[in-house]
Amino acid sequence: MKQTKIRTLLSSHNTGENVLVKGWVRTKRGNKNIAFIALNDGSTIKNIQVVADVSVFGENLLKEITTGTCLAVTGKLVESQGQGQNVEIAATSIDIYGKCDAETYPLQKKGHSMEFLREIAHLRPRTNTFGAVLRIRHAIAFAIHKYFNDKGFFYLHTPIITGSDAEGAGEMFHVTTLDMGNVPRTETGAVDFSIDFFGKPTNLTVSGQLEGELGALALGEIYTFGPTFRAENSNTPRHLAEFWMIEPEMAFYELNDNMDLAEDFVKYLIRYALDNCHDDLEFLNNMIDKGLLDRLRFVTENEFVRMTYTDAVKILVDSAEKWEYPVGWGKDLQAEHERYLVEKHFKRPLILTDYPKEIKAFYMKMNDDGKTVRAMDVLFPGIGEIIGGSQREENYDKLLQRIREMNLPERIYWWYLETRKFGTAPHSGFGLGFERMIQFVTGMSNIRDVIPFPRTPKNAEF
RNA sequence: UCCUCAGUAGCUCAGUUGGUUAGAGCAACGGACUGUUAAUCCGUGGGUCGUAAGUUCGAGUCUUACCUGGGGAGCCA
């Protein structure tokens, strides 16, 4: 007989049908005569109830069925006599694939702390919370590809290993095949990378943007969606050393087009989750974050506020708040400032634009004032900066001037500069932190709990 | 990396001004119960108090260093 997924069975009306399900035991209850086994196969957050007669299966077999045990159950799909579920399986045979020693199995019927579950990341996907998060993570990933594909964007695969530093900022992980116990040296004592695998120093990418621009200046509209690596010693609930990023890059888009796309994109993703992940979101709304569903609906139904950095600074200066960090034009906005604007002043997502050039990356397009650049940051409640983007500087001379002003290694950007020499075009793009998006959609407060196997300082166990 | 809080049973925690035999709830295990819903009820076992040093007659409790984790900050997505 062919296996049926529990998700399918729970919405089935074909009672009387013989079915086969396979999954893991969540709980077992019962008495001398009858056992109730809640079985979950990961297809949905809901379990199917398997009803087993002790007289048919014997106490010995049922004794072996404990929380975590993997089973194959055949039986008849019947209307449930009890409350809490419409259908259940009256078991006719039960095969145990894998027993699960109840004394040492770390997952119990009751809830666990997120901190404890991180220590057993190999088993935590079996919990309701992580099952829900991982299904939603999948759904959003799928929605990202669907959104861009439907709009005619092309998925561009930018390299993971790179010889350039995309923004001149941020520590990078080195990639090498040199013998770390016996590092070759040049005559001057420097590491001799000429005999390394690539013949030069290489790193794991911190962003696919620069290569993404090359794609946009040929294919029109592209996006990247891949892992990104930052060797920063960041210990916060919003940072990972390995995270996934989506970076659309569009020829002929100016900053307003870029903002329109960013807003439409994130609203699409949230709406997709609301439309396709109802059971999981409802669980998270009940167990993790009571305001989750209301917040998701609010974001999809309301326009994001758009305002310049300069106007935002005015609001902050005029407010009665006491700041730990001073506010003033030219200073970068601190977390407390962003939080005030998003959560107290506007109470909705906010897009800030036209930041001072000094606090932004070299590739952003200079405004006519010569002081600000065409940057945009999308700020979300609870998350902070979820998107950072800009219109790119398409003028060769201005771009070169910025590289020199910021003392960046001009030589390694030769191919990037050539795009401005050969048929340059106005273009824009942005980066969305995938895990931060999942945090917002799931209500999970720590980014380590929205990726299966988080990579953070001192943690690469699984 | 900085600030701050924490680390005691499988899990979540309590443990008094330092005091002699370390506590609870849940889980597990044994039993009871004719359909349960995180079942319920009765009972049982379970501890190198994060690691190392120090102070003291005596340290879970005080001191120092280190390790690990949470929260906040910085960096950013």
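Residue numbers start from 1 in every chain, and the chains themselves are labelled A, B, ... in the order their sequence lines are given, proteins ahead of strands.
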In terms of the angle between their ring planes, are A/His138 and A/Phe142 parallel, tilted or perpendicular, with boundaries placed at 30° and 60°? parallel
Mind checking the P distance from B/U63 to B/U17? Whole angstroms is fine. 14 Å
When the C1' atoms of B/G50 and B/G70 are compared, how many Å lie between them, rounded to an integer? 15 Å
Hey, is the side chain of A/Thr27 poking within less than 4.0 Å of OP1 or OP2 on B/A39, counting only N and O atoms? yes
Kindly point out which of B/G35, B/U1, B/G74 is positioned nearest to the side chain of A/Glu88? B/G35
Is the ring pair A/Tyr309/A/Tyr355 parallel, tilted or perpendicular, if the boundaries are 30 and 60 degrees? tilted
Applying side-chain hydrogen bond (donor to acceptor under 3.5 Å, both in side chains), run through A/Asp264 and A/Tyr147 and close with a yes or a no. CA-CA 10 Å; A/Asp264 186 58; A/Tyr147 178 83; 2.6 Å; yes
I need the single residue from A/Phe304, A/Phe346, A/Phe298 that forms a ring-ring contact (aromatic ring centres under 6.0 Å, His included) with A/Phe380. Which is it? A/Phe304
Would you tabulate the nitrogen or oxygen pairs shorter than 3.5 Å linking the protein to nucleotides 66-70 of chain B?
from  : atom 1 : to       : atom 2 : distance (Å)
B/G70 : OP1    : A/Arg118 : NH1    : 2.6
B/G70 : OP1    : A/Arg448 : NH1    : 3.2
B/G70 : OP2    : A/Arg448 : NH1    : 3.2

Ignoring hydrogens and angles, are the base of B/C76 and the side chain of A/Ser234 linked by a donor-acceptor pair under 3.5 Å? no
Will you find, in the side chains of A/Arg29 and A/Thr27, an N or O donor that is under 3.5 Å from an N or O acceptor? yes
Do A/Ser207 and A/Glu247 meet the criterion of a side-chain donor-acceptor pair at a distance under 3.5 Å? yes
Does a salt bridge link A/Arg295 with A/Asp289, judged by any charged N lying under 4.0 Å from a carboxylate O? yes
Using atom names, set out every protein N or O paired with an N or O of nucleotides 26-32 of chain B below 3.5 Å, distance rounded to 0.1 Å.
none

Of the candidates B/C76, B/G35, B/C11, the side chain of A/Phe116 sits closest to B/C11
Between A/Ile386 and A/Tyr325, just flag the one whose closest nucleotide in RNA chain B comes earlier from the 5' side. A/Tyr325
Between A/Tyr325 and A/Glu336, is any side-chain donor less than 3.5 angstrom from a side-chain acceptor? no
If pairs are Watson-Crick or G-U with both distances under 3.5 Å, what is the dot-bracket string of RNA chain B, marking crossing pairs with [ ] and pairs to another strand with |? (((((((..((((.....[...)))).(((((.......))))).....(((((..]....))))))))))))....
Please measure how far the P atom in B/U40 lies from the corresponding atom in B/C26, and state the result in whole Å. 9 Å
Go through the side-chain N and O atoms of A/Asn367 and A/Thr372 and say whether any donor and acceptor fall under 3.5 Å apart. yes
Using a cut-off of strictly less than 4.0 Å, decide whether A/Arg29 has a side-chain nitrogen or oxygen near OP1 or OP2 of B/U36. no
For the pair A/Phe229 and A/Phe173, name the ring-plane relationship: parallel under 30°, tilted 30 to 60°, perpendicular over 60°. perpendicular
Using the C1' atom as the reference point in each nucleotide, state the distance between B/G18 and B/C49 in Å, no decimals. 15 Å
Pair A/Phe265 and A/Phe148, ring centroids less than 6.0 Å apart: yes
If you go through the side-chain atoms of A/Glu232, does one of them form a donor-acceptor pair with the base of B/U1 closer than 3.5 Å? no
If the C1' atom of B/U48 is compared with that of B/A59, how far apart are they to the nearest Å? 15 Å
At less than 4.0 Å, is any side-chain N or O atom of A/Asn31 found next to OP1 or OP2 of B/C33? Yes or no. no
Using side chain to side chain donor-acceptor pair (under 3.5 Å) as the criterion, point out the one residue from A/Arg392, A/Glu254, A/Glu221, A/Glu213 that pairs with A/His427. A/Glu213
Scan residues 10-23 of chain A for pairs that pass side-chain hydrogen bond (donor to acceptor under 3.5 Å, both in side chains), counting only residues two or more places apart or in two chains. A/Lys22-A/Tyr97
Identified ring-ring contact (aromatic ring centres under 6.0 Å, His included) counterpart of A/Phe434 within the set A/Phe225, A/Phe440, A/Trp244, A/Phe243: A/Phe225
Electrostatic pair A/Lys32:A/Glu59 at N-O distance under 4.0 angstrom: no
Are A/Tyr363 and A/Gln209 close enough that a side-chain donor and a side-chain acceptor fall under 3.5 Å? yes
Would you call A/Asp377 and A/Lys360 a salt bridge, taking side-chain N to carboxylate O under 4.0 Å as the test? yes
Given the C1' atoms of B/A9 and B/C29, what is the spacing between them in whole Å? 15 Å
Establish, with yes or no, whether the OP1 or OP2 oxygen of B/U12 is under 4.0 angstrom from a side-chain nitrogen or oxygen of A/Ser113. yes
Check nucleotides 4-8 of chain B for protein N or O atoms closer than 3.5 Å to its own N or O atoms and list the pairs.
none

Considering heavy-atom distances to RNA chain B, does A/Ser445 or A/Phe243 have its closest nucleotide positioned more toward the 5' end? A/Ser445
Suppose we call a contact any N or O donor and acceptor under 3.5 Å apart; does that hold for the side chain of A/His112 and the base of B/C11? no
What distance, rounded to whole Å, do you find between the two P atoms, one in B/C57 and one in B/U16? 22 Å
In residues 331-345 of chain A, which residues come under 4.0 Å of RNA chain B by heavy atom? A/Gln334, A/Ala335, A/Arg339
Using the P atom on both, measure B/G45 against B/U1 and round to a whole Å. 47 Å
